[in-house]
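This report refers to the structure that appears directly beneath it.
All residue numbers refer to positions in the sequence shown, counting from 1.
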Amino acid sequence: RKARQGEEHPDTLSSMSNLAFDYASDGRLEKSLPLWEKVFELRKAKLGEDHLLTLLSMGNLAEGYRATGQPEKSQLLAEEVFELRRTKLGENHPSTLTSMYNLAMGYWETGQLEKSLPLLEKAFELSKATLGEGHPDTLKRMGSLAMGYKRTGQLEKVFELYMVAGDNDVPPADLAGLWVDLNEGSIEIEQNGNEVLVTGLNEKVTKYWTKGVGKLKGRALIMTHYLERKQTDIQVGRASADGSRIDWSNGSHWERKAE
């Protein structure tokens, strides 16, 4: 296609971008990054900096830099693509919200929580209003915001995110018993009021964590995973009304095993 239509043809650029994604999905970032750089530069020269396709390429390149450990380059591009999309598309456009969230996570990864948290709050609220509370992007941003609140010691705000009207009057869910995760890993939950102790029972689980300690408020749950004595993960979730399922902020869930 490059030989027939030329390097700057829109179809050629789309093909180059798709190939970059294929390389990235295979973990070959050293091949995908030069392609993203080239597509961005060619689109910027041909279409202009604020063209939607140029902005798409700019966002892809920012994420590519982020994935390859180049936070300074990533952050500069992420800030630029966010401002350009906000100006051209408006603050509540889905593409702008994606850029806002990516920029927030870039700040997070470089330890700039004072910049990250306000953006995460805004991205979540706008996603909820624009896309709906149950949209996957809204839930993803809610999970990241919950992690931000957890990291900064704002536990009440974490619970508020995962509670619905009336939850203050709901007693803690009864989670004690055997559970299974998405990978069919066996899990045991012990519970003492609001305090929860979680233990992995087989290799599929203990490969990632050996135990978890959690705190319940109504049906909202915050749990910290540990591998031996090292903290490995923090998740927030919500138990179903019948106590048979826990949905976690990372998109996974646990189901109660039948007795």
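- Other residues, nucleotides and ligands place more than 12 heavy atoms under 6.0 Å from the CD atom of Glu30.
- Cluster membership for Val39 and Leu19, using ILVMFWY side-chain heavy atoms within less than 4.5 angstrom, is shared.
- Counting heavy atoms from C-beta on, the side chains of Arg66 and Glu63 come closer than 4.5 Å.
- The side-chain heavy atoms of Ser32 and Leu29, taken from C-beta on, include a pair separated by under 4.5 Å.
- Under the 4.5 Å side-chain criterion, counting only non-hydrogen atoms from C-beta, Glu121 is in contact with Lys157.
- Other residues, nucleotides and ligands contribute only 12 or fewer heavy atoms inside 6.0 Å of the CD atom of Glu203.
- With a 6.0 Å radius and a threshold of 12 heavy atoms from other residues, nucleotides or ligands, Asn192 has its CG atom at or below the threshold.
- To the nearest 0.5 Å, atom CD1 of residue Ile187 and atom CG of residue Leu175 are 12.0 Å apart.
- Linking Ile, Leu, Val, Met, Phe, Trp and Tyr residues whenever their side-chain heavy atoms come within less than 4.5 Å places Tyr208 and Ile189 in a single cluster.
- With sequence neighbours left out, the ring pair (Phe, Tyr, Trp, His ring centres under 6.0 Å) criterion links Trp108 to no other residue.
- Checked by atom type, the side-chain pair Ser244/Arg256 shows no donor-acceptor distance below 3.5 Å.
- For the atom pair CZ of Arg238 and CZ of Phe159, the computed distance is 12.0 Å after rounding to the nearest 0.5 Å.
- In this structure, Thr138 and Ser127 approach most closely via the heavy-atom pair OG1-O, 3.3 Å.
- Shortest non-hydrogen contact noted between Ala173 and Arg219 is CB-NH1, 3.2 Å.
- For residues 220-249, the ring-ring contact (aromatic ring centres under 6.0 Å, His included) pairs, not counting sequence neighbours, are Trp209-His225, Trp248-Trp254.
- Residues Glu125 and Lys128 are paired through a salt bridge, judged by an N-O separation under 4.0 Å between the basic side chain and the carboxylate.
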Working for salt bridge (Lys or Arg N to Asp or Glu O under 4.0 Å), residues Lys38 and Glu41
CA-CA 5 Å; Lys38 191 162 194 175; Glu41 291 300 333; over 6 Å; no
Evaluate the salt bridge (Lys or Arg N to Asp or Glu O under 4.0 Å) criterion for residues Arg86 and Glu83: first the C-alpha distance (whole Å), next the side-chain angles of each, then the deciding distance (0.1 Å), finally the verdict.
CA-CA 5 Å; Arg86 182 165 62 173; Glu83 291 299 336; 2.8 Å; yes
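- Taking CZ of Phe124 as the start and CG of Leu139 as the end, the distance is 8.5 Å to the nearest 0.5 Å.
- Between the side chains of His253 and Glu255, at least one donor N or O sits under 3.5 Å from an acceptor N or O.
- Of all non-hydrogen atoms in Gln231 and Ile234, the two that sit nearest each other are NE2-CD1, 3.3 Å.
- Residues Tyr107 and Tyr101 are members of separate hydrophobic clusters, defined by side-chain heavy-atom contacts under 4.5 angstrom among Ile, Leu, Val, Met, Phe, Trp and Tyr.
- For the side chain to side chain contact (heavy atoms under 4.5 Å, CB included) test with Ser186, the passing option among Asp181, Val180, Asn202 is Asn202; the others fail.
- A 4.5 Å side-chain heavy-atom check between Met147 and Val236 finds at least one atom pair inside the cut-off.
- The distance from atom CG of Leu178 to atom CG of Leu201, rounded to the nearest 0.5 Å, is 6.5 Å.
- Considering every non-hydrogen atom in both Val81 and Ser99, the closest pair reads CG1-OG, 3.9 Å.
- Taken to the nearest 0.5 Å, the CG atom of Leu126 stands 13.0 Å off from the NE2 atom of His93.
- No chain of hydrophobic side-chain contacts below 4.5 Å, direct or via other Ile, Leu, Val, Met, Phe, Trp or Tyr residues, connects Leu97 to Leu145.
- Here the CG atom belonging to Asp233 is positioned 8.5 Å from the OG1 atom belonging to Thr224, to the nearest 0.5 angstrom.
- Contact between Arg141 and Leu131 at its shortest, heavy atoms only, is NH1-CD1, 4.0 Å.
- Two residues are said to be in side-chain contact when any heavy atoms from C-beta on lie closer than 4.5 Å; Gln75 and Thr110 meet this criterion.
- With Thr199 contributing its side chain and Lys211 its backbone, the two residues share no donor-acceptor pair below 3.5 Å.
- Residue Thr96 comes nearest to Gly90 through the heavy atom pair OG1-O, 2.8 Å, listed as atom of the first residue, atom of the second, then distance.
- Between Leu117 and Gln112, the closest side-chain pair of non-hydrogen atoms is not below 4.5 Å.
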